[in-house]
Amino acid sequence: MTGINFKEIEEKWQRKWEESKIFDAEIEKGKKKKFFLTVPYPYTSGPLHIGHGRTYTIGDMIARFKRLQGYNVLFPMAFHVTGTPILAIADSIAKGEKEVVERYRNYVSIYEDGEKVESIVNSFGNAENVANFFAERISEDFKRMGYSIDWRRRFNTTEPMYNKFIEWQFKKLYDKGVIKKGKYPIAFSIEEDSAVGEDDIEEGDINKVSIIEYTTIKFELSNDTYLIAATLRPETIFGVTNLWINPAARYVKVKVGKEIWIVSVEAAEKLGYQREEAELLEEEEVEGGFFVGKKVKEPVGGREISVLPASFVDEDVGTGVVYSVPAHAPYDYIALEDLRLEIAPIKIIDIEGYELPAKEICERMGIESQEDERLEEATQIIYKDEFYRGVLNEKCGEFAGIEIAAIKDEVKNWLKGKNVADVFYETSRKAVTRGGGKVIVAVLQDQWFIDYTPSWWKDRGHKLVEEMTFYPEKYKAYMQDIIDWLALRPCARKRGLGTRFPFEKEWIIESLSDSTIYMALYTIAHLLRQLPAEALDEKLFDYVFLGIGDAEELAKKVDADILKRIREEFEYWYPNDLRHTAPPHLSNHLVFFLMHHAAIFLENQWPKAISLNELMIREGRKMSKSKGNVIPLAKVSELYGVDLYRLYCAINADFASVVNWREQDVDALRRKFNALVGLFEQSMGVEKLKENEFTHMDRWLLSKFYRKLKESIERFETFRIREVGLNMVFNLMNDIKYYEYRESEERRRRIVRNIMADWLIILSPIVPHICEEMWHRSREEKGGRREERRLKFISLQTLPEIKEALIDDRVEREEEYLVSLIEDIKEIMKIARITPSKIYIYTAEKWKWEIFRAIKDLPDKDKIKEAMKLRKDKSTVDFVKQMMKNLPSKKTMEEHILYFELKEEEVLEREREYLMREFGCEIGINEEYDPKGKKKFAIPLKPAIYVEG
RNA sequence: GCGGGGGUAGCCGAGCAUGGACAAAGGCGCAGGACUUAAGAUCCUGUUCCGCAGGGAUACGAGGGUUCGAAUCCCUCCCCCCGCACCA
């Protein structure tokens, strides 16, 4: 066991890295190629957990690997503060909402002692304090995780410098003509009189609330007075037989333009938030029962239909009026059955497998009452079937013969064109805010958008993606699709933290739109700070980022040297060589990141690559605060050790798979990791083996090591970090174990010494602290000047050269040969239940080798014929048959030609001692004695064996 | 329904592009053994079935096909996951 105090060495090396500023990236022109890596900045509304940590950790591994490859690496970090959640939290805490206060007490106590917690949480009534507190803690967490970040460039998204930068970004977009204004539906709280997001809604994080567009259809009751039914299936209007109304619900009149609409009280209120012209008439409310039995005119065919009562109609969904299509809607069918009215369903959709879909599904499922909950499910089934497979029939006029999926929108537009249909929005489920206020859909009349539809923009986006690399590759095609789908996107809201919208100051730029090109800011953030915020105007950014404008002109306002440096830094570091994040960002953040670069920056500043790793779950379940199963990143060091966590992230899954954080597996890995560290420790103060001392086994281990090292470097380049970890930890340790078995513990200590430096280097991106420690310990022994040692961090090394000469196929084949021979002998001993007194091994005779060489490249069917030409004897046929059965194909033979050149007898003689030790008996090699006639079964590379009991 | 990804031993998970040493890496679990007063850790062995000679049979979602040979290539089908779409 190792006596290492991991926590201590983590802290020691983190401190030394920081003191030596080795991760502060400076321009090094000419000497090294640069590599600029970014991972999205964290949102500072609370502590990060180990799931978030995966992405940052992998980002750091890449940064460290690139340094080893000789790149001048910039890996910066900042903090995301803009948006509504932090503000909402601050508001809740200011109001003293118990649940939120309690949650934040817990969060804060991750970091602080009991006494301070209260005052800190109290300070969270101010949003800025929330953001600052967590930004500070998260940056400490990141340092504690050993991330090789250049912290000088840190910023947050509400500081003036950032605001100026975002203003510039929006001016650029505005100039391109893609910033537009229009109507837009949003989730809205009446009580709080404001838009609400996922974080404001009760259980909004678990059960998302989306906005559903209903179509309202007017059924004329009398002149200009209509009952307004809402539907999700406007194409079924051709099959309407009656209206449904809830007799117990209350209805009112709303004046919309010149018309009077009758809807439920709830719907009237919603209409008020959705249509500017809707005006509630000051008349009394009427019970739904009032309308029962009245006749209305359906708008397509002008038929008179009845208003009927139905309990399933919910006054708080849609308009509280529903039109009935009993042929295709299970609810309608059942409700009519309940009323025992003779209303014939009108079938308007032809679909294979059904005559009257609604009737049949109800019968099949045994649904008999409109209170039956399975009606929902029946509706789903019918909807799905009809939507994808159904075709409108001859009752649908010009739309006949077309499948629903293709015609739905056209029918809707046609109805709107006839002025019988309108849009009504509803939430996808009933929802309330965390404060208990009802959530409805409101339509903003003058929402600001980014319009992603112009073809010049999409073309540039596609081109940009085409020229990029994605890891894993499959996401490239997916990203192209996302660009095609992208249309209008709201980019400002009335609430939240952030940059004021430059064209209308009461709007705040929305938080996904203000985090699209900020990577550019990293290149210059530390320098920009030296300028006053007022100086950061459009002209300055134009010059720095786009090279537009006159430096001399600008120098009148800002320091010319600083300006020059700023421009240089940007030109040096940009573009962003790799953005590493997680797949859920593809359809939002990443596509904006790419599109905004495509719109604003010159082509040579476009991003080069994106890599993505999947998320992390714990014990097979998603991590979430509501499940209470999150482990804060801040606790990693204490609970597991940072290097162990990092190793787990590297090894448990490849990028494309979810990491499952299982304590059992973590424990298993800990044992492995400790054993690894033990191997290094046991080789401290031990002499390397010199080349003239090398035995077969030494060469074998060196060959195994350098082969694995070579493969690992290749794999790291394409971010197959899992394979690197498995190779360089698990597989290599197994090799060493085998080596020790073959040789001795003592010799193992020495051979590990031969490979230790190179081994530590390749492991250092994954487990940097222990590697740094072992690296220094192994140097310390040798003396050397202190100063020199201080500078020689393993983090600053370059990848070891692959000692190709040590990769020795022959040596490896010899050992494989021996292993398989031993397996065969053991197999025989087991099957025959013999304890051997002597084991006889017979290698293939010379003539067999000759025939083998002569025919190995021939197709199987010619082999015997050819062999017989060379040696006319029945034993030749037996041998060739035996050989064909046992030896691999032509192709693999070529790959392993060396294997077949193996001098079997030599190897056996050399290993006679080992074989004797292994079996505890005499070994006879190619002796004449052959009582059971085994010798004739020998083929090249597969000796015959006789075990004597 | 469309797009994407999958289905491999008790479980997790590699292999599949370039078919052949594949009864299938590695890990976990389980069983036996060594060590130990004991537990743990560690190490060894085993973990489809049959076999007193290194072998054979059956196997990689199901079924067909191509091939001397298929986990790997082709076709059909089934199932799972994600995104989209969509659900009075």
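Every chain is numbered from 1, with letters handed out A, B, ... down the list of sequences. Please read these numbers as outputs of a predicted model, since none were measured by experiment.
Spacing of C1' atoms, rA24(B) relative to rU58(B), comes out at 14 Å, to the nearest Å. Remark: the separation of the C1' atoms in rC12(B) and rC60(B) is 16 Å, to the nearest Å. Nucleotides rC11(B) and rA17(B), compared at atom P, are 26 Å apart to the nearest Å. Taking atom C1' on both rC77(B) and rC82(B), the two are 23 Å apart, rounded to the nearest angstrom. Going from the P atom of rA59(B) to that of rG13(B) covers 25 Å, rounded to whole Å. Rounded to whole Å, the P atom of rC80(B) lies 29 Å from the corresponding atom of rA25(B). When the C1' atom is compared between rU72(B) and rG83(B), the two are found 29 Å apart, to the nearest whole Å. For the C1' atoms, the distance from rG7(B) to rA62(B) is 11 Å, rounded to whole Å.
With a cut-off of 3.5 Å on both Watson-Crick or G-U wobble distances, the partner of rU58(B) is given as none. In this structure rG19(B) sits in no base pair that meets the Watson-Crick or G-U test at under 3.5 Å. Both distances falling under 3.5 Å, in either a Watson-Crick or a G-U wobble arrangement, place rC84(B) opposite rG1(B). Under the Watson-Crick or G-U wobble criterion, with both distances below 3.5 Å, rG26(B) is paired with rC12(B). Under the Watson-Crick and G-U wobble criteria, each requiring two contacts below 3.5 Å, nucleotide rU42(B) is paired to rA34(B). Base pairing of rG69(B): no nucleotide in any strand meets the Watson-Crick or G-U wobble criterion (both distances under 3.5 Å).
Taking atom CG of Asp481(A) as the reference point, atom P of rC2(B) lies 15 Å away to the nearest angstrom. At whole-Å resolution of the value, CG in Asn588(A) and P in rG83(B) are 12 Å apart. Atom pair Glu426(A):CD and rC86(B):P shows a separation of 17 Å (rounding to whole Å applied). In this structure, Ile407(A) atom CD1 and rA85(B) atom P are separated by 20 Å, rounded to whole Å. Here rG54(B) presents its C1' atom at 18 Å from NZ of Lys935(A), a figure rounded to the nearest Å. Between the CD1 atom of Ile839(A) and the P atom of rA53(B) there is a distance of 16 Å, rounded to whole Å. Per the geometry, CZ belonging to Phe673(A) stands 15 Å off P belonging to rU42(B), to the nearest Å. Between the P atom of rC12(B) and the CE atom of Met616(A) lies a distance of 19 Å, rounded to the nearest Å.
Tyr214(A) comes within contact range of the sugar-phosphate backbone alone, with a heavy-atom separation under 4.0 Å but no base atom that close. Among the atoms of the strands shown, base atoms are found under 4.0 Å from some heavy atom of Tyr946(A). Residue Asp409(A) is classed as having no contact, given no heavy-atom separation below 4.0 Å to the nucleic acid. Across all strands shown, Pro836(A) has no heavy atoms under 4.0 Å from either base or sugar-phosphate atoms. Residue contacts shown for Asp314(A) include a base, since a base heavy atom lies under 4.0 Å away. As judged by a 4.0 angstrom heavy-atom cut-off over every strand, Lys830(A) is placed among residues making no nucleic acid contact.
Note: Phe219(A) and Tyr226(A) fail the aromatic proximity criterion, with ring centroids not under 6.0 Å apart.
Remark on RNA chain B: of its neighbouring residues Thr379(A) and Lys934(A), the 5'-side contact belongs to Lys934(A), judged by nearest-heavy-atom nucleotide. Each of Ala938(A) and Gly318(A) was matched to the nucleotide of RNA chain B holding its nearest heavy atom; the match closer to the 5' end belongs to Ala938(A).
Checked for salt-bridge contact, Arg662(A) and Asp667(A) miss the test: no charged N lies under 4.0 Å from a carboxylate O. By the 4.0 Å N-to-carboxylate-O rule, Glu814(A) lies close enough to Arg810(A) to be salt-bridged with it. By the 4.0 Å N-to-carboxylate-O rule, Asp809(A) lies close enough to Arg707(A) to be salt-bridged with it.
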**Residues Glu904(A), Tyr842(A); criterion side chain to side chain donor-acceptor pair (under 3.5 Å); working and verdict** = CA-CA 10 Å; Glu904(A) 294 183 68; Tyr842(A) 315 95; over 6 Å; no

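Between Phe291(A) and Tyr251(A), the ring planes are perpendicular. Angles over 60° get that label, and only those under 30° would be called parallel.
The side chain of Lys474(A) lies closest to rG4(B) when the candidates are rG4(B), rA53(B), rA14(B). When distances run from any side-chain atom of Ala944(A) to the nucleotides rG54(B), rA14(B), rA88(B), the shortest one goes to rG54(B). The nucleotide whose nearest atom lies closest to any side-chain atom of Ile831(A) is, among rA88(B), rC87(B), rA53(B), rA53(B). Candidate nucleotides rG5(B), rA88(B), rG55(B) were compared by shortest atom distance to the side chain of Glu827(A), and rG55(B) ranks first. Minimum atom distance to the side chain of Phe937(A) is reached by rG54(B), of the listed rA14(B), rG3(B), rG54(B).
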Quick one: which protein N/O atoms are closer than 3.5 Å to N/O atoms of nucleotides 24-33 of chain B? Pair and distance per line, please.
residue: rC28(B); atom: O2'; partner: Gln664(A); partner atom: OE1; Å: 2.8

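Taking a 6.0 Å sphere around NZ of Lys359(A), one finds it holds 12 or fewer heavy atoms contributed by other residues, nucleotides or ligands.
A donor-acceptor pair shorter than 3.5 Å can be found between the side chains of Thr843(A) and Asn926(A).
When all heavy atoms are compared, the tightest approach of Lys826(A) to Glu918(A) is NZ-OE2, 3.3 Å.
The closest side-chain heavy-atom distance from Ile482(A) to Tyr475(A) is not below 4.5 Å.
Residue Lys942(A) places no side-chain N or O under 4.0 Å from the OP1 or OP2 atom of rA53(B).
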